[in-house]
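Report on one structure; see the data block that follows.
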Amino acid sequence: LRSAVCLPWRLWAVSLPCFVLYGLVWPWALVSSSAQQVFGVSLINYLWPVLTVLLSAWWVPRARLTTRTVLATFLALAGLVCANLQHIRDLLAAGDSADVSQVRRFLPYGLALVAAVTWAVYSTLLARWRDWARNYVTSPVGFLLTGTIACAVTAFTGSMPAKLSASGTLLIICYGAGPLAVGYLLWEIALSKARVHTLSLLAAATPVLSTFLLCLFLRTLPGPELIVAALLVG
């Protein structure tokens with residue numbers, strides 16, 4: 001409890017706000033996406049392993065930028081273009097109209113990009129401050145703050161759901177206990193024990209697994225461009 005609450009000022013001021021921002025922005029990006037957009041939006045979010053490698057070259061001691069890193073960045077960007085090519089064409093064909101629907105079409109992509117940058121900054125800073133940050137975990141406080149902010153927003157805006165189904169409640173509990181609690185906590189511990197470049201390379205498997213799980217849950221067969229895109233980003 002002490003290590004979760006009595007954080008150094010740097011964690012309170014920098015990495016913890018990044019954690020909270022990611023916890024708010026990334027779900028927003030997903031729920032504002034259409035069924036066709038969600039795959040491309042997901043892959044944009046999963047730029048964070050590549051961005052972490054790039055940022056660590058500047059911010060983490062003894063980490064450096066290599067030719068392979070630059071090549072990997074271009075491959076990931078090519079994958080994003082491949083996954084979103086049709087949507088990019090649709091946006092360009094829509095012209096310069098600034099109606100609400102146009103803003104809504106851009107919103108998921110923008111939110112996913114903010115999420116990617118935020119998580120990359122968070123991971124890079126923890127890797128930079130690993131000598132003393134390994135004694136603390138920002139995840140518990142981050143979850144509490146994110147939950148408090150989310151509850152306050154839903155309460156004041158009147159958007160709190162009247163009731164949840166049994167399956168919905170079970171899914172929320174599993175999501176909170178699994179990917180959020182265990183996944184983020186293990187990632188935070190790993191950042192204090194291993195090289196950030198190695199961890200980011202391992203994390204590059206996430207966009208491939210996530211894309212195929214999305215296809216499974218949405219009962220959609222992935223097209224060849226989506227498979228190629230996921231592999232390029234990975």
Side-chain angles (χ1 to χ4, degrees), residues 21-51 75-94 100-120 143 146-147 150 153-154 159-184 186-187 200 202-234:
L21 180 61
Y22 184 86
L24 295 173
V25 171
W26 175 224
W28 186 10
L30 285 178
V31 298
S32 61
S33 306
S34 65
Q36 292 74 32
Q37 286 178 317
V38 69
F39 297 100
V41 170
S42 176
L43 288 176
I44 288 176
N45 169 65
Y46 289 120
L47 269 179
W48 69 259
V50 176
L51 292 175
L75 287 174
L77 291 174
L80 291 178
V81 172
C82 182
N84 296 284
L85 190 58
Q86 186 57 48
H87 300 295
I88 292 172
R89 288 173 180 166
D90 293 342
L91 290 173
L92 293 176
V100 177
S101 62
Q102 190 77 347
V103 173
R104 286 178 178 171
R105 291 171 70 185
F106 276 108
L107 182 64
Y109 297 106
L111 291 172
L113 184 59
V114 171
V117 173
T118 301
W119 196 254
F143 289 133
T146 306
V153 170
T154 53
S159 56
M160 186 77 76
K163 63 178 181 178
L164 284 171
S165 64
S167 59
T169 304
L170 180 62
L171 284 173
I172 288 177
I173 293 173
C174 291
Y175 177 59
L180 292 183
V182 177
Y184 288 173
L186 288 177
W187 175 251
S200 296
L202 291 173
T206 313
V208 181
L209 295 173
S210 176
T211 300
F212 284 102
L213 283 174
L214 274 174
C215 292
L216 178 65
F217 290 142
L218 296 178
R219 298 174 182 176
T220 303
L221 290 175
E225 73 284 351
L226 189 61
I227 296 174
V228 172
L231 292 174
L232 282 171
V233 174

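Counting begins at 1 with the first residue of the sequence. Owing to the predicted nature of the structure, the values given are computational and were not obtained by experimental measurement. Just so it is clear, the values below take in all heavy atoms, side chains as well, and ignore hydrogens, waters and symmetry mates.
- Remark: Trp28 engages no residue in a side-chain hydrogen bond (donor to acceptor under 3.5 Å, both in side chains) (not counting sequence neighbours).
- Considering only residues two or more places apart in sequence or on other chains, Val114 meets the side-chain contact (heavy atoms from CB on, under 4.5 Å) condition with Leu21, Val25, Thr118.
- Interatomic distance, OH of Tyr22 versus CG of Asn45, reported as 3.5 Å (0.5 Å rounding).
- Here Val41 pairs with Trp26, Ala29, Ser33, Gln37, Pro108, Tyr109, Ala112 under the side-chain contact (heavy atoms from CB on, under 4.5 Å) rule; sequence neighbours left out.
- Under the rule for a side-chain contact (heavy atoms from CB on, under 4.5 Å), the partners of Ala229 that lie at least two apart in sequence or sit in another chain are Leu43, Cys82, Ala83.
- From Leu113, atom CG reaches atom CG of Leu47 across 7.5 Å, with rounding to the nearest 0.5 Å.
- Annotation: side-chain contact (heavy atoms from CB on, under 4.5 Å) contacts of Leu186 (sequence neighbours excluded): Val182.
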Validation: residues 217-226 side-chain donor-acceptor distances under 3.5 Å, sequence neighbours left out:
| unit_1 | atom_1 | unit_2 | atom_2 | d |
| --- | --- | --- | --- | --- |
| Thr220 | OG1 | Leu218 | O | 3.2 |

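- Across all non-hydrogen atoms, the minimal contact from Phe143 to Leu180 is CZ-O, 3.2 Å.
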In residues 203-212, what donor-acceptor pairs under 3.5 Å come from side-chain atoms, sequence neighbours left out?
| unit_1 | atom_1 | unit_2 | atom_2 | d |
| --- | --- | --- | --- | --- |
| Thr206 | OG1 | Ala203 | O | 2.7 |
| Ser210 | OG | Ser42 | OG | 3.4 |
| Thr211 | OG1 | Pro207 | O | 2.7 |

Scan the side chains in residues 162-175 for donor-acceptor partners under 3.5 Å anywhere in the protein, sequence neighbours excluded, and list what turns up.
| unit_1 | atom_1 | unit_2 | atom_2 | d |
| --- | --- | --- | --- | --- |
| Ser165 | OG | Ser167 | OG | 3.2 |
| Ser165 | OG | Gly168 | N | 3.1 |
| Thr169 | OG1 | Ser165 | O | 3.0 |

